[in-house]
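Just so you know, ligand 1 is whichever comes first in the structure, and atom 1 is the first atom listed for that ligand. Hydrogens, waters and symmetry mates are skipped; everything else that's a heavy atom, side chains included, is used. Start at 1 with the first residue, then count along the sequence.
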Amino acid sequence: MIYEILPARLRDLNTLKQLEDEVFKEDAWPVLDILAMLLTPGMINLKAVHSGEIIGFITVEEKLFDPEASVNSLGVKTSCRRQGVGRALMRAAEGHIKRKKIRLCVRHSNQAAIDLYFSLGFRKTEVRHNYYPDGEDAYVMRKIL
Ligand SMILES: CC(C)(COP(=O)(O)OP(=O)(O)OC[C@H]1O[C@@H](n2cnc3c(N)ncnc32)[C@H](O)[C@@H]1OP(=O)(O)O)[C@@H](O)C(=O)NCCC(=O)NCCS
């Protein structure tokens, strides 16, 4: 599959919300949070585009007083998975990060994402208990860039 990784823009808001709903279901961000993400200076917002359609996205934040970059969201359309899009989005985002370390949280049960992050060099560094609204724990995973 041929796809491009491009900056996500304000005009992508509706499509990103639809994709967010498909990918994250009950954990999906509200549209206002996606809007804020697209408008906040310094956020790294990238989309994967195949035949004019957005099939994936990643959002990484570098907060002023946080020494680590943090991945806020990474998702790939269900029908386009296992074709390297998630890995390509993360690698592209890493190319924009100025911090020396990157961090993310992932559901304890999300083996696909954990395997992806391991394959990219992330390691589990701590557990956050009851992190998600349904009570599931999160692994915090980190990578030195
Ligand atoms: C996690 C997610 C982003 C992966 O995207 P993807 O485009 O399918 O991932 P890739 O094709 O780049 O996979 C890269 C590697 O990750 C691992 N991986 C990805 N999906 C996997 C799965 N379902 N089972 C096992 N390993 C998996 C494999 O090591 C894979 O390499 P391989 O295909 O050569 O074996 C995608 O499954 C997704 O959107 N899931 C729902 C949202 C989500 O959980 N986001 C992360 C929240 S922390």
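Of all atoms in ligand 1, listed by their number and element, those nearer than 4.0 Å to a heavy atom of Val23 are 39 (O), 41 (C), 42 (C). For ligand 1 and Val106, the ligand atoms under 4.0 Å from any heavy atom of the residue are 48 (S). Ligand-side atoms of ligand 1 in range of Phe24: 42 (C), 43 (C), 45 (N), 47 (C), range being under 4.0 angstrom from any heavy atom. Each of the atoms 4 (C), 14 (C), 15 (C), 16 (O), 17 (C) of ligand 1 lies under 4.0 Å from some heavy atom of Leu116. With ligand atoms numbered from 1 in the order given, ligand 1 contributes 11 (O) to contacts under 4.0 Å with heavy atoms of Gln83. Contact atoms of ligand 1 toward Cys105: 48 (S) (distance under 4.0 Å to a heavy atom of the residue). Applying the 4.0 Å criterion to heavy atoms of Val85 picks out, from ligand 1, the atoms 7 (O), 12 (O).
If you look at Phe57 next to ligand 1, there are no close heavy atoms at all, none under 4.0 Å. Both the backbone and the side chain of Val76 come within contact range of ligand 1, each with a heavy atom under 4.0 Å.
A donor-acceptor contact closer than 3.5 angstrom is absent between the side chains of Gln18 and Asn14. Using a 3.5 Å distance cut-off with no hydrogens or angles, the side chains of Asp137 and His108 do not pair a donor with an acceptor.
Side-chain contact between Trp29 and Asn72 is present, with heavy atoms from C-beta onward closer than 4.5 Å. Using a 4.5 Å heavy-atom threshold, the side chains of Glu20 and Val31 count as separate. Two residues are said to be in side-chain contact when any heavy atoms from C-beta on lie closer than 4.5 Å; Lys124 and Val140 fail this criterion. At least one side-chain heavy atom of Glu68 sits less than 4.5 Å from a side-chain heavy atom of Arg142.
Checking Glu20, Arg81, Gln111 against atom 37 (O) of ligand 1, the nearest heavy atom belongs to Arg81. Counting heavy atoms only, Arg82 comes closest to atom 20 (N) of ligand 1 of the residues Met90, Arg82, Lys77. Between Gly75, Gly84, Ala112, it is Gly84 that holds the heavy atom closest to atom 11 (O) of ligand 1.
The environment of CD in Glu4 is sparse: at most 12 heavy-atom neighbours from other residues, nucleotides or ligands sit within 6.0 Å.
Among all protein heavy atoms, the one lying closest to atom 12 (O) of ligand 1 is Arg87 N, 2.9 Å. In this structure, the protein non-hydrogen atom closest to atom 44 (O) of ligand 1 is Asn110 ND2, 2.6 Å. The closest protein non-hydrogen atom to atom 7 (O) of ligand 1 is Gly86 N, 2.8 Å. At the shortest separation from atom 48 (S) of ligand 1 among protein heavy atoms lies Tyr117 OH, 3.3 Å.
Remark: ligand 1 and Ser119 share no N or O pair separated by less than 3.5 Å (distance only, no angle test).
When all heavy atoms of Ile5 and Ala92 are compared, the closest pair comes out as CG2-CB, 3.7 Å. Closest approach of Ala28 and Asp21 over heavy atoms only: CB-OD1, 3.4 Å. Considering all non-hydrogen atoms of both residues, Lys17 and Pro30 come closest at NZ-CA, 4.0 Å.
Within the 4.0 Å heavy-atom cutoff, Leu74 counts among the residues contacting ligand 1.
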Discussion item. Ile58 vs Met90, test: side-chain contact (heavy atoms from CB on, under 4.5 Å). Steps then yes/no.
Written reply: CA-CA 7 Å; Ile58 188 166; Met90 182 64 85; 3.8 Å; yes

